[in-house]
Amino acid sequence: MRSALHCLLLFSALWTLSFCGTRQFHVVNTDKNWVDAQKYCRENFTDLATIDSQEEMNIVKAALKGMTGDFWIGLKEIPGQVPRSWMWSDGSIFSYTSWSSGQPDNNVGDNCVTAKSDFGFSWNDLRCYWTKNFVCYKEIPLVLIKEEKTWREALRYCRENHVDLVSVHTEGIQEWVQIALNYASTENLWIGLRHTCTLSFWFWVIGESVCYQNWAPGNGTGEEDCSEVERSGAVQSGSKQWISLPETQTLNFICSTV
């Protein structure tokens with residue numbers, strides 16, 4: 001299962017699963033031709049959208065929900081190839097497709113690809129000089145560590161070897177964390193969510209308050225049991241939601257690398 005992983009590396013010696021290119025998608029509501037859209041995405045994000053799985057296509061559709069028209073993505077025809085061939089703007093291998101019925105149908109000319117609302121945001125090929133809104137992506141490098149550590153040990157590991165325990169402060173990052181659960185060797189995964197018994201609130205270890213929330217029922221919103229140890233946040237394999245656990249439990253965990 002390729003899932004929504006742009007680059008998947010498994011280092012068995014370290015039990016580390018590296019998501020070295022998970023993508024967060026951004027819709028830009030400005031009309032540009034494909035080349036200018038590509039330039040804009042590269043200057044402000046990572047590149048025009050690369051979509052290499054159904055999971056990623058679903059995320060793009062969710063981002064475009066309620067919008068109408070054509071939206072450039074990072075797919076462009078390689079000129080002069082027989083049969084017709086396509087390439088992603090960022091150089092990713094072209095394997096997954098989401099063409100609308102009868103597409104691609106523009107057999108002559110410089111062809112680039114849009115997600116078209118009339119086609120349920122499946123793909124349509126157009127001349128690259130047309131001006132359209134477009135979808136960019138930004139990489140969110142995450143690393144799943146398949147070692148079992150307490151929350152404090154996991155925090156120390158991430159800060160010594162990467163950047164920090166992951167902060168799940170957007171729905172997009174939550175999507176990637178849920179994918180990581182498919183590869184974990186423990187039922188739950190530590191994330192960078194921490195409770196302070198002294199002040200009685202939850203916070204992200206990068207210093208942000210908890211605005212976006214995805215708590216499982218009965219977790220995170222009531223009074224925590226501080227009688228023995230501090231509580232920390234994990235993602236539950238079944239519900240994919242956050243749960244409150246004693247920090248002394250040993251789990252796999254996710255580090256951020258930027």
Side-chain angles (χ1 to χ4, degrees), residues 1-8 19-142 170-173 175-176 179 258:
M1 177 180 176
R2 195 153 187 263
S3 296
L5 308 185
H6 175 206
C7 184
L8 179 60
F19 296 66
C20 60
T22 55
R23 288 181 279 265
Q24 186 176 46
F25 296 97
H26 301 264
V27 180
V28 179
N29 294 308
T30 303
D31 284 341
K32 293 183 181 292
N33 63 42
W34 191 91
V35 172
D36 287 343
Q38 179 192 56
K39 180 181 178 182
Y40 181 95
C41 290
R42 288 177 172 178
E43 289 176 348
N44 295 278
F45 299 96
T46 299
D47 213 322
L48 267 171
T50 292
I51 306 166
D52 63 7
S53 69
Q54 186 59 52
E55 289 91 342
E56 284 192 325
M57 192 65 227
N58 291 341
I59 294 169
V60 171
K61 287 180 178 180
L64 292 170
K65 186 176 181 180
M67 300 182 183
T68 58
D70 285 274
F71 298 82
W72 291 126
I73 59 174
L75 193 59
K76 184 177 183 180
E77 185 173 10
I78 303 172
Q81 296 286 317
V82 179
R84 300 176 71 184
S85 299
W86 304 82
M87 64 181 296
W88 290 107
S89 174
D90 66 0
S92 296
I93 296 172
F94 175 64
S95 55
Y96 169 79
T97 67
S98 186
W99 294 110
S100 181
S101 177
Q103 299 294 325
D105 64 351
N106 186 13
N107 294 317
V108 179
D110 186 23
N111 292 319
C112 297
V113 178
T114 64
K116 188 178 181 67
S117 61
D118 288 351
F119 298 162
F121 296 114
S122 55
W123 301 349
N124 173 49
D125 63 326
L126 290 176
R127 299 292 180 88
C128 300
Y129 57 73
W130 290 106
T131 58
K132 304 291 180 182
N133 290 182
F134 50 98
V135 184
C136 304
Y137 82 87
K138 181 178 180 180
E139 288 186 337
I140 309 174
L142 304 177
T170 69
E171 187 174 353
I173 299 174
E175 292 277 353
W176 307 126
I179 292 168
V258 294

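Heavy atoms only: backbone and side chains are in, while hydrogens, waters and symmetry mates are out. Residue indices begin at 1 and follow the sequence shown.
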- Task: Taking the side chain as every heavy atom from C-beta outward, state whether Cys136 and Val28 have any atom pair closer than 4.5 Å.
- Result: yes
- Message: Quick one, Trp86 and Gln81 - any side-chain contact, counting heavy atoms below 4.5 Å?
- Response: no
- Query: Would a 4.5 Å heavy-atom cut-off, applied to side chains only, mark Lys116 and Phe71 as touching?
  - Reply: no
- For Glu43, what residues pass the side-chain contact (heavy atoms from CB on, under 4.5 Å) criterion, not counting sequence neighbours? Lys39
- Under 3.5 Å: donor-acceptor pair, side chain of Asn106, backbone of Asn111: no
- What residues, two or more places apart in sequence or in another chain, satisfy side-chain hydrogen bond (donor to acceptor under 3.5 Å, both in side chains) together with Asp105? Gln103
- Message: As an exercise, state the distance from CG of Asp47 to NZ of Lys138, rounded to the nearest 0.5 Å.
- Response: 14.5 Å
- List in chain and number order the residues that pass salt bridge (Lys or Arg N to Asp or Glu O under 4.0 Å) with Glu175, two or more places apart in sequence or in another chain; answer none if no residue qualifies. none
- Item | Residue pair Val27 / Leu64, side-chain heavy-atom distance below 4.5 Å | yes
- When you check the side-chain N and O atoms of Ser89 and Gln38, is any donor under 3.5 Å from an acceptor? yes
- Query: Tell me the salt bridge (charged side-chain N to carboxylate O under 4.0 Å, His left out) pairs involving residues 120-130, sequence neighbours left out?
  - Reply: Arg84-Asp125
- Nearest heavy atoms of Leu48 and Trp72, plus distance in Å: CD2-O, 4.0 Å
- Heavy atoms of Ser122 and Ser100 approach each other most closely as OG-CB, 3.2 Å
- Query: What pairs with Thr114 under side-chain hydrogen bond (donor to acceptor under 3.5 Å, both in side chains), at least two apart in sequence or on another chain?
  - Reply: Asp70
- Task: Determine the interplanar angle of the Tyr40 and Phe45 rings, folded into 0 to 90°, and report it as parallel if under 30°, tilted if 30 to 60°, perpendicular if over 60°.
- Result: tilted
- Name all residues meeting the ring pair (Phe, Tyr, Trp, His ring centres under 6.0 Å) criterion together with Trp130; count only those two or more places apart in sequence or in a different chain, and write none if there are none. none
- Do Lys76 and Phe94 touch side chain to side chain, with heavy atoms closer than 4.5 Å? no
- Item | Asn124 side chain near Phe119 side chain, heavy-atom distance below 4.5 Å | yes
- Query: Is the closest side-chain donor-acceptor distance between Asn33 and Thr131 under 3.5 Å?
  - Reply: no
